[in-house]
Amino acid sequence: EDQVTQSPEALRLQEGESSSLNCSYTVSGLRGLFWYRQDPGKGPEFLFTLYSAGEEKEKERLKATLTKKESFLHITAPKPEDSATYLCAVQEAGAGSYQLTFGKGTKLSVIP
Amino acid sequence: DVKVTQSSRYLVKRTGEKVFLECVQDMDHENMFWYRQDPGLGLRLIYFSYDVKMKEKGDIPEGYSVSREKKERFSLILESASTNQTSMYLCASSFRQRETQYFGPGTRLLVL
C-alpha cells in the first residue's frame, strides 16, 4: 500500500481556472510534508514545507495547506508557465528518519 | 541559493561498465541523497549519507554503492551497469535531518 497518494494523476486547466491538487498520506507520525515542482527533464524544485496540521504556506499563485491526513496545493488563476509535475513527499517522524517518501505526482497542464 | 550540481546531464554506457555519478553541493549540508526516478514508480531512494564516510541503504540499494570522502561530494557507483539501471538519477542534499532536501538537475543514464 502506497504511503503517499497524489490525485489526480493529470489535470488540464484553462488559464485562469483555479483548482486544487491532493496529497494524502498514511504515515503514523509526520515530521514534515514537502511540495516540489518538476519540469520535464529537470530535478525537482522546492516549493513548500509544512510541519503541522493547520499550517498554510503561499507563494505567488500557489497555496499549500495541511491536515492530519492530507495536503492540498491550491492553484489560483494559473498561467501556462505553471504547467509542470507537482510532487508531494512526506518524512516520517523518528530518530533515525531521513528518508522522504514521494507520491507519483500530478501532471498539470495549463492551456492558454 | 542552494546549489547542487551533478557531473553529467546525459550518459550512455555499455552493459558491464563501471559507472560513476558525482554530486557536489556548495551549502555545507550534512546530508546527501541519491534517488532514481522512473515513469510510474516515482522517486525511490538508493542510498544516503548523513556524514563524511557514513552511508545508509535506502529502498533500492542493490547493484549500487556510494562514496563520501568529503562533505560536499557524494558519488554513486554502478559496479557493473545493467540495462535495468537505465533511469534518471537525482542527487539531493539537506542541512539537517528535518530540513528540506534540495535537488540537482539530474543525470539521465542509458545503459545499452
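Contact of A:Gln38 with chain B is made through the side chain alone, with heavy-atom distances under 4.5 Å. Neither the backbone nor the side chain of B:Arg44 comes within contact range of chain A, judged by heavy atoms closer than 4.5 Å. Proximity to chain A (any heavy atom under 4.5 Å) is restricted, for B:Leu90, to the side chain, taken from C-beta onward.
B:Tyr64 and B:Arg36 share a side-chain donor-acceptor pair at under 3.5 Å.
For the options B:Gly42, B:Cys91, B:Ala92, B:Gly40, heavy-atom pairs under 4.5 Å to chain A are most numerous at B:Gly40.
Residues B:Phe74 and B:Phe33 place their aromatic rings such that the two centres sit no closer than 6.0 Å.
Classified by interplanar angle (parallel below 30°, tilted 30° to 60°, perpendicular above 60°), the ring pair B:Phe103/B:Tyr35 is tilted.
Annotation: side chain of B:Val4 is in contact with side chain of B:Cys23 (closest heavy-atom distance under 4.5 Å).
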